[in-house]
Amino acid sequence: MLRIGNCSGFYGDRLAAMREMLEGGRLDVLTGDYLAELTMLILARDADGYAKTFLAQLNDCLRLALDRRVRIVANAGGVNPSGLADAIRALAAAQGLAPRIAVVRGDTHAYLGAFGIARALTAGADIVVTGRVTDASLVIGPAIARYGWWRTDFDALAGATVAGHVLECGTQATGGNYAFFDEIEDLTRPGFPIAEIEPDGSSVITKHPGTGGAVTVGTVTAQLVYEIQDCRYAGPDVTTRLDSIRLRQIGQDQVQISGVRGEAPPPTIKVGRSRIAGFRNAMTVVLTGLDIEAKAALFRRQFEASVSTRPAEVTWTLARLDRPDAPTEQQASALLTVVARDPDEQTAGRAFSNAAVELALASYPGFFGTAPPGRAQPYGVFTAEFVPQEAVAHEVVLDDGAVEKVAPPEETRPLERLAGAPTPAPAPAAFIALNAEISGGSDTEQPAHGTGHDGPTRRLPLGTLAGARSGDKGGDANIGLWVRDPEAYPWLCDVVSESALRTLLPELADLPIRIAYLPDIRAVNVVIDGLLGQGVAYNARFDPQAKGLAEWLRSRHVDIPVRLLEER
């Protein structure tokens, strides 16, 4: 089988991971994912335009990788993959090495597929550098090269896509950011994941022996529901049916993925566009003790009267973190934050933040801020567009300088058909009682009302039974939830109904919500349109990437059938 490892889930991940993976056991290919929407904006403003940490890793490990005949595939090229390739050649020459380096280009921020990577590897490349490809392409490409899959081998391509999706975020597949983290024996330094891919596209997710963390059906499920949208996972090469995945624990730190079905990809390819939209500034002041709301109103009134030129956009947030009769000052305090955005740096700059400081002796009792006034910083916005697959100049520059074009897929399936495809029906309706005001956490048993789970219930956190993980998709956020007990899945489907979610998470307000059911892995995925404004760099909320959204939902109290609690 083909054994593919990962050594990076983002730009800034563990620097030592490349050496750990190369020394930890057998690998055929080592991949690294360094790009994200925010990262692309950062690299576009950087003089070199590529992920320098990857170059640092190669400086330490290039000889080791060549000696062990491990080929490296990474999207660290960012907006300048050719520049990164030149830097690698210079680094290698300084060490007396001459690796064969290929470059995949033509993305211009588009999400390219895997066949360019595959061609580079079949041509003998030791290192393949790409710009913006889909995250899973880093794994799909080596599998295509090994097994010679055709464009229409949709099931095999879909299986590799799932393996790539599991690997792309590194240690999130081995226990990192895992809802039930307290069940993992050693999370001090989780090992990075490995996919053992078979000729039919099925795989086993594992890790090197002796490394921390764990690979379980739960940790793999958690990554599968991360940053997805619906049951059809569309990519440039294949549309993967996430509702066809089968997971099975076949050994310690070994989870088999099988049964994955694929369909023809859409005729269009996604283009992520990030741009600087203006300047942002923020000030946070602390409100302590009594009369929090009145203090906040006074400061807001004074501040708005003091700002000489009002920014184009001003937002206020009051975080009531205080509690009555608090034993510490911090626990008695709330945070009031004002954010300005404006096309003009001066309007959102020191003139704005200084207005808060000038009120220090003239405002509410106990006034102080969390940081001194600062200058405005540029902020970005992200938009997703789609262009025909044939409009993208997908090319591979081989080590000898030859340039080969990668043809688009011959068979596609229109996006309209994908969007209109029926969603698998959830399990029969289950019981959940949501009061108009959800607060507290009474453990008192209440009678059920005969909606599928007759019997008493207890009011407990949703996370008592359900795991969850959340993240960003442009300006949208997703929350993937799952349960480990098959008997609890009908209950979960009711918990994540649209009306229940709006009660549990009031911040969703009237935002559009889309729900998809994945019964084979006992999961439900929720997408909230527009929760993150215009993307991560826009910084629309204090959790701009929605990383903690799932844990907030898990902490909310719901009525859980006692029978399900007894079966745990």
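Within the 4.5 Å cutoff, no side-chain heavy atoms of Val495 are placed close to those of Leu501. Leu481 has its side chain within reach of Leu492: a pair of non-hydrogen atoms, C-beta onward, lies under 4.5 Å apart. Looking at heavy atoms from C-beta onward, Leu35 lies in side-chain contact with Met40 at the 4.5 angstrom threshold. Side-chain contact between Leu27 and Ile194 is present, with at least one heavy-atom pair separated by less than 4.5 Å. The side-chain heavy atoms of Arg71 and Val128, taken from C-beta on, include no pair separated by under 4.5 Å. Contact of the Leu564 side chain with the Leu465 side chain is registered, since non-hydrogen atoms from C-beta on lie closer than 4.5 Å. The shortest side-chain heavy-atom distance between Asp476 and Leu531 does not fall under the 4.5 Å cut-off. Taking the side chain as every heavy atom from C-beta outward, Val271 and Phe386 never approach each other to under 4.5 Å.
Side-chain atoms of Thr174 and Thr171 form no donor-acceptor pair, as typed in the model, at a separation below 3.5 Å. Counting only N and O atoms by type, the side chains of Arg469 and Tyr226 include no donor and acceptor under 3.5 Å apart. Between Asn478 and Glu227, the side chains place no donor N or O within less than 3.5 Å of an acceptor N or O (distance only, hydrogens not considered). A donor and an acceptor atom, one from each side chain of Arg502 and Ser499, are nowhere located under 3.5 Å apart.
Between Arg14 and Glu20 there is a salt bridge, since at least one side-chain N of the basic residue sits less than 4.0 Å from a carboxylate O of the acidic one. In summary, Glu566 and Arg458 do not engage in a salt bridge, as defined by a charged side-chain N under 4.0 Å from a carboxylate O. A salt bridge links Asp253 with Lys207: the closest approach of a Lys/Arg side-chain nitrogen to an acidic carboxylate oxygen falls below 4.0 angstrom. In this structure, Glu23 does not pair ionically with Arg68, as no charged nitrogen and carboxylate oxygen lie closer than 4.0 Å. With respect to Arg241 and Asp243, a salt bridge is recorded, a charged nitrogen being found less than 4.0 Å from a carboxylate O. Salt bridge status for Glu410 with Arg151: absent, with no side-chain N to carboxylate O gap under 4.0 Å. Salt-bridge formation is not detected for the pair Arg522/Asp520: no Lys NZ or Arg NE/NH1/NH2 atom is positioned less than 4.0 Å from an Asp or Glu carboxylate oxygen.
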(message) Under the criterion side chain to side chain contact (heavy atoms under 4.5 Å, CB included), I'd like the reasoning laid out for Ile228 against Val527: C-alpha separation, chi angles, the key distance, then a yes or no.
(response) CA-CA 8 Å; Ile228 62 172; Val527 178; over 6 Å; no
(message) Run Asp28 and Ile4 through side chain to side chain contact (heavy atoms under 4.5 Å, CB included) and show every step you take.
(response) CA-CA 6 Å; Asp28 297 304; Ile4 304 176; 5.8 Å; no
(message) Assess the residue pair Leu157 and Trp150 against the criterion (side chain to side chain contact (heavy atoms under 4.5 Å, CB included)); give the C-alpha distance rounded to whole Å, side-chain angles, the decisive distance to 0.1 Å, and a yes or no.
(response) CA-CA 9 Å; Leu157 292 169; Trp150 295 95; over 6 Å; no
(message) Let's go through Val387 and Thr268 carefully: what are the C-alpha distance in whole Å and the side-chain angles of both, what is the deciding distance for side chain to side chain contact (heavy atoms under 4.5 Å, CB included) to 0.1 Å, and is it a yes or a no?
(response) CA-CA 5 Å; Val387 298; Thr268 57; over 6 Å; no
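A donor-acceptor pair is defined here as one N or O able to donate and one able to accept, closer than 3.5 Å; no such pair exists between the side chain of Arg563 and the backbone of Gly455. Panel note: side chain Asp485, backbone Glu487; a donor-acceptor pair is recorded below 3.5 Å. Formation of a donor-acceptor pair under 3.5 Å by the Asp107 side chain with backbone atoms of Arg132 is found in this model. The main-chain N or O of Ala118 is found under 3.5 Å from a side-chain atom of Thr122 such that the two form a donor-acceptor pair. Formation of a donor-acceptor pair under 3.5 Å by the Asn177 side chain with backbone atoms of Gln172 is not found in this model. Between the side chain of Ser470 and the backbone N or O of Lys547, at least one donor-acceptor pair lies under 3.5 Å. With Asp543 contributing its side chain and Gly548 its backbone, the two residues share a donor-acceptor pair below 3.5 Å. Trp149 places no side-chain N or O within 3.5 Å of a backbone atom of Ile140 that could act as its donor or acceptor partner. Judged by distance alone, with hydrogens and angles left aside, the side-chain atoms of Gln249 form a donor-acceptor pair with the main-chain N or O of Val215 at under 3.5 Å. A distance-only check finds a donor-acceptor pair linking the side chain of Arg246 to the backbone of Ser244 [under 3.5 Å].
In terms of heavy-atom proximity, Cys493 sits nearest to Tyr517 at SG-CD2, 3.7 Å. Ala179 and Trp482 get closest at one heavy-atom pair: CB-CH2, 4.3 Å. The shortest non-hydrogen separation linking Thr134 to Pro236 is CG2-CD, 3.3 Å. Contact record, Ala17 with Phe192: CB-CE1, 3.5 Å, taken as the closest heavy-atom pair. Taking every heavy atom of both residues into account, Leu504 and Arg556 meet most closely at O-NH1, 2.6 Å. Closest approach of Val217 and Arg248 over heavy atoms only: CG2-C, 4.2 Å.
Here the straight-line distance linking atom CG of Asn525 with atom CG of Leu242 works out to 8.5 Å at 0.5 Å rounding. Taking CZ of Arg3 as the reference point, atom CD of Glu196 lies at 4.5 Å (rounded to 0.5 Å). Here Glu168 contributes atom CD and Ser137 contributes atom OG; the two are 10.0 Å apart, rounded to the nearest 0.5 Å. Separating the CD atom in Glu498 from the CD1 atom in Ile528 is a distance of 11.0 Å, to the nearest 0.5 Å. Thr216 contributes atom OG1, which lies 10.0 Å from atom CZ of Phe180 (distance to the nearest 0.5 angstrom). Put simply, CG on Asp237 and CG on Asp153 are 12.0 Å apart, with the number rounded to the nearest 0.5 Å.
Taking the six-membered ring for Trp and thresholds of 30 and 60 degrees, Tyr233 and His165 have ring planes inclined between 30 and 60 degrees apart.
Between Tyr34 and Phe54, the distance from one ring center to the other falls under 6.0 angstrom.
In this view, Phe154 satisfies the ring pair (Phe, Tyr, Trp, His ring centres under 6.0 Å) rule with no residue, not counting sequence neighbours. Asp322 is linked by a side-chain hydrogen bond (donor to acceptor under 3.5 Å, both in side chains) to Arg320, counting only residues two or more places apart in sequence or in another chain.
A 6.0 Å sphere centred on CZ of Arg146 holds more than 12 heavy atoms belonging to other residues, nucleotides or ligands.
For the pairing with Val73, the side-chain contact (heavy atoms from CB on, under 4.5 Å) check across Ile117, Val133, Val139 returns one residue only, Ile117. Applying the side-chain contact (heavy atoms from CB on, under 4.5 Å) test between Val260 and each of Thr161, Val238, Thr240 identifies Thr240 as the sole match. Here the rule is side-chain hydrogen bond (donor to acceptor under 3.5 Å, both in side chains) with Asp33, and of Asn6, Asn75, Thr39 only Asn75 fits it.
Residue pairs meeting the side-chain hydrogen bond (donor to acceptor under 3.5 Å, both in side chains) criterion with at least one partner in residues 505-516, sequence neighbours excluded, are Glu507-Arg541, Arg514-Asp529.
A cation-pi arrangement is absent between Arg554 and Tyr178 under the rule of less than 6.0 angstrom and at most 45 degrees off the ring axis.
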